[in-house]
Amino acid sequence: MKLKDFGKKNIFMPDATRGAIRFLTTEQLEQTGTKAVVTNTLHLLMNIGVENLYKLGGIKKMMNWNGLLLTDSGGFQVFSLIHTGKWKGKVHENGATFKSPTTGQIYELTPESSIDIQMSIGSDILVTLDDCRNTGISRKEAEISVQRTLNWAERCKNHFEKKYGGTRKSGKLLSCVVQGSNYLDLREKCAKGLVNIGFDGYNFGGFVVDKEGNLVVDEMSVVVENTPKDKFKYAMGVGKPEDIRKCSKLGYTVFDTVLVTRNARHGTLYSSDINGEVLRIMNAEYSVDERPIDSNCDCYTCRNFNRAYVHHLLKAGEATGMTLATIHNLRYYQRLIDELNLNANALNL
RNA sequence: UCCGCAAUAGCUCAAUGGUAGAGCAAACGGCUGUUAACCGUUCGGUUCUAGGUUCGAGUCCUAGUUGCGGAG
């Protein structure tokens with residue numbers, strides 16, 4: 001797939017946060033039909049470092065990955081690790097300053113450095129640094145988050161243009177993140193502000209489900225309605241298969257979520273044979289089940305092994321169980337995306 | 001045969017004479033821009049047996065049973 005067509009059709013990108021889909025080789029990943037992956041700016045910065053990434057030719061070369069690569073800006077980590085107090089650090093107007101809990105090293109993530117790191121990673125689709133917050137924050141906090149996100153997005157764009165020549169010269173795409181929590185007018189304000197700056201794609205940021213686990217459809221709709229039709233919409237972190245179907249109807253085409261791979265490792269598999277799609281492979285009922293995980297699936301796992309085997313491997317803590325489970329879940333998501341694209345084509349004809 | 005040590009949840013072990021707990025296993029659930037092969041809930045007991053002392057015994061005493069070690 002060519003970069004200019006990114007997001008024209010539905011696409012699911014699994015999260016290879018530190019440059020790998022856990023328990024899979026790049027070859028195994030390719031065999032699931034995956035066309036693009038997401039890596040994380042902050043984690044690669046701390047694990048490999050900008051200079052080494054640059055010297056080594058970027059993470060795609062290291063991974064031997066020929067597909068597309070989207071890099072997340074680190075905004076989510078600023079939220080999930082620093083705002084929540086799990087890591088020591090401060091969020092300020094210039095970005096975030098924090099201390100590695102393992103090495104003690106001090107890191108400074110700014111809008112400009114985030115772009116630089118993403119370029120050294122060798123990203124195809126970059127994401128602006130944003131001030132991500134939890135749902136249920138006060139209006140005042142949401143306003144600060146939106147203002148900061150807009151400010152940082154503009155700085156990212158300027159830096160991307162001046163230092164790298166923007167989309168035209170670099171050949172890369174720059175997407176931005178819409179914040180505003182559950183305040184619809186703030187979502188609209190943020191979206192419009194970002195459109196004024198101008199980006200290749202618009203990402204729905206923050207939390208995509210409420211406390212009950214329901215997709216925040218109203219917020220997501222506002223973002224679609226206030227961003228250009230010819231630019232891709234990326235539903236960051238979405239999600240369950242049913243939520244991807246819903247988002248696709250709203251106009252989002254780009255998806256990523258940790259659920260598909262993390263659930264696989266934790267024994268929650270997806271199967272069209274099961275009412276509700278969820279098959280908890282570790283449960284006792286599968287201990288002697290000789291059927292494949294999904295009778296409609298063409299993945300390596302389903303073609304070669306039965307439920308009892310995957311059940312046994314995961315129960316026994318064998319890493320191969322995680323591999324087989326991850327392969328299946330990834331294939332399930334790719335087939336879900338294929339189906340959405342088929343349906344979209346049928347509507348257009 | 002004698003001497004010593006032990007016996008508590010399915011397993012490995014805690015518990016001043018004062019409400020018998022933990023880890024693992026089991027059953028089930030959760031996970032949404034990954035600090036997560038993680039987290040949570042539940043299930044789980046004639047404390048080897050029979051007596052005794054005591055207001056009260058898993059704990060102290062007596063006898064037995066089983067296991068482990070040593071002596072002969």
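A, B, ... follow the sequence lines: proteins, then strands. Residue 1 opens every chain.
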- Message: Can you tell me if A:R262 touches the phosphate of B:C38, counting only side-chain N or O atoms and a distance under 4.0 Å to OP1 or OP2?
- Response: no
- In terms of hydrophobic clusters joined by side-chain contacts under 4.5 Å, are A:L173 and A:V178 together? no
- Task: Taking the side chain as every heavy atom from C-beta outward, state whether A:E277 and A:S272 have any pair of such atoms under 4.5 Å apart.
- Result: no
- Would you say the side chain of A:E212 and the base of B:G30 hold a donor-acceptor pair, judged only by whether the two atoms sit under 3.5 Å apart? no
- Item | Pi stacking test for A:H266 and B:C38: under 5.5 Å apart, planes under 30° | yes
Distance-only criterion, 3.5 Å: show the donor-acceptor pairs between side-chain atoms of residues 230-241 of chain A and protein atoms not counting sequence neighbours.
from	atom 1	to	atom 2	distance (Å)
A:K233	NZ	A:P228	O	2.8
A:K233	NZ	A:K231	O	2.8
A:Y234	OH	A:D256	OD1	2.8

- Under the 6.0 Å and 45° cation-pi test, does A:K90 pair with A:F98? no
- Is it possible for you to check whether A:R139 lies under 6.0 Å from the centre of the six-membered ring of A:Y183, through NZ or CZ, and within 45° of that ring's axis? yes
Shorter than 3.5 Å, N or O on both sides, protein versus nucleotides 22-25 of chain B: list them out with atom names.
none

- Query: Looking only at N and O atoms, is any donor in the side chain of A:T261 or the base of B:U34 less than 3.5 Å from an acceptor on the other one?
  - Reply: yes
- Query: B:G29 phosphate, OP1 or OP2: any side-chain N/O from A:N283 under 4.0 angstrom?
  - Reply: yes
- Answer yes or no: does atom CG of A:N196 have more than 12 heavy-atom neighbours from other residues, nucleotides or ligands under 6.0 Å? yes
- Nearest 0.5 Å please: distance from the NE2 atom of A:H328 over to the OH atom of A:Y270. 10.0 Å
- Round to a whole Å and report the spacing from OH of A:Y252 to P of B:U32. 19 Å
- Query: Below 3.5 Å, does any donor atom in the side chain of A:D130 face an acceptor in the base of B:G33, or the other way round?
  - Reply: yes
- Task: Please work out the stems of RNA chain B from pairs that are Watson-Crick or G-U wobble with both distances under 3.5 Å, keeping only runs of three or more consecutive pairs.
- Result: B:1-7 with B:65-71, B:10-13 with B:21-24, B:26-30 with B:38-42, B:48-52 with B:60-64
- With respect to the phosphate group of B:U34, does any side-chain polar atom (N or O) of A:T17 fall under 4.0 Å of OP1 or OP2? yes
- base_contact_polar (B:U34 base, A:R22 side chain, donor-acceptor, <3.5 Å): yes
- Message: Is it the case that the ring center of A:F207 lies less than 6.0 angstrom away from the ring center of A:F79?
- Response: yes
- Item | Ring-face cation of A:R155 near A:F160 (centre distance under 6.0 Å, axis angle within 45°) | no
